[in-house]
Amino acid sequence: QSAHRAGLRSFIRYGWRWSWRVATFVTIFNTVSTGLSVYRNKTTISNFASAGAFTGALFRMHLGLQGLAGGFVFGTAFGIPAGGLVIIMQKLAGETLAEKRNRDRRELYEQKLAEWQSRLNVTEVLGQTESNAQGGPETETARE
């Protein structure tokens, strides 16, 4: 029990040192992989490999050229299985993020188009009502 308490104390004391590093790593990795997916308009393993390579190299850059190369290699090596896992999970879910993004864009476009058409119809109805109230072109030609 005392070993358990000591482990818990050290986890609380030193856990924050690793937590911010992991959070920063994950944030950079997800930002790069999402940016590549949006830019290329497709999700591939190479996006995750590139994101892992960039993030790994960034975190090992302070160790010089050797650290940069090592971070690049290890980031790529860990980015590939992470990307494969994400892609497999998306396939199992039935819809990839790109398909969802395209569906959302299409639904938003259709919604805005329907709203625009309804406003156009209201404008046409108001125009006809106004012309009828002022003795529009039909009544003027009938008078002549």
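Please read all numbers here as calculations on a predicted model, not as lab measurements.
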(request) Return yes if a side-chain donor-acceptor contact under 3.5 Å exists between Asn47 and Ser33, otherwise no. (result)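 Result is no, nothing qualifies.
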Do the side chains of [X] and [Y] join up, straight or via other hydrophobic residues, at under 4.5 Å, putting them in one cluster?
{"X": "Ile45", "Y": "Ile88", "answer": "no"}
{"X": "Val26", "Y": "Phe59", "answer": "no"}
{"X": "Tyr14", "Y": "Leu8", "answer": "no"}
{"X": "Phe54", "Y": "Leu65", "answer": "yes"}

(message) I want to check a possible cation-pi pair here: Arg119 against Trp116, using under 6.0 Å from ring centre and within 45° of the ring axis as the test.
(response) no
(message) Looking at every heavy atom in both Gly7 and Ser10, which two are closest together, and how far apart are they?
(response) O-OG, 2.9 Å
(message) So which atom in Thr43 and which in Ser37 form the shortest heavy-atom distance, rounded to 0.1 Å?
(response) OG1-OG, 3.8 Å
What is the distance from atom [atom1] of [X] to atom [atom2] of [Y], rounded to the nearest 0.5 Å?
{"X": "Glu107", "Y": "Asn102", "atom1": "CD", "atom2": "CG", "value": "11.5 Å"}
{"X": "Lys112", "Y": "Gln117", "atom1": "NZ", "atom2": "CD", "value": "14.5 Å"}
{"X": "Asn41", "Y": "Leu36", "atom1": "CG", "atom2": "CG", "value": "12.5 Å"}

Take atom [atom1] in [X]; do more than 12 heavy atoms of anything else shown fall under 6.0 Å from it?
{"X": "Phe25", "atom1": "CZ", "answer": "yes"}
{"X": "Glu95", "atom1": "CD", "answer": "yes"}
{"X": "Leu92", "atom1": "CG", "answer": "yes"}
{"X": "Phe74", "atom1": "CZ", "answer": "no"}

(message) Out of the candidates Lys100, Arg106, Arg101, only one should pair with Asp104 under the side-chain hydrogen bond (donor to acceptor under 3.5 Å, both in side chains) rule; please name it.
(response)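 Single side-chain hydrogen bond (donor to acceptor under 3.5 Å, both in side chains) partner of Asp104 among Lys100, Arg106, Arg101: Lys100.
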(message) Using modelled atom types and a 3.5 Å cut-off, is there a donor and acceptor pairing between side-chain atoms of Thr55 and backbone atoms of Gly52?
(response)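 No, because the side chain of Thr55 does not come within donor-acceptor range (under 3.5 Å) of the backbone of Gly52.
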(request) Begin with the C-alpha distance, continue with both residues' side-chain angles, and end with the deciding distance and a verdict on side chain to side chain contact (heavy atoms under 4.5 Å, CB included) for Ser50 and Val32. (result) CA-CA 8 Å; Ser50 299; Val32 172; 5.6 Å; no
(message) Salt bridge or not between Arg103 and Glu99? Use side-chain N to carboxylate O under 4.0 Å.
(response)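 Glu99 and Arg103: not salt-bridged.
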(message) If the test is side chain to side chain contact (heavy atoms under 4.5 Å, CB included), which one of Thr27, Val22, Ile28 qualifies with Thr24?
(response)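 Among Thr27, Val22, Ile28, the one meeting side chain to side chain contact (heavy atoms under 4.5 Å, CB included) with Thr24 is Ile28.
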(request) Show your working on side chain to side chain contact (heavy atoms under 4.5 Å, CB included) between Arg60 and Leu68 and close with a plain yes or no. (result) CA-CA 5 Å; Arg60 292 295 169 199; Leu68 186 82; 5.9 Å; no
(message) The test is side chain to side chain contact (heavy atoms under 4.5 Å, CB included); show your working for Phe29 and Phe48 and say whether it passes.
(response) CA-CA 8 Å; Phe29 178 85; Phe48 294 98; 3.9 Å; yes
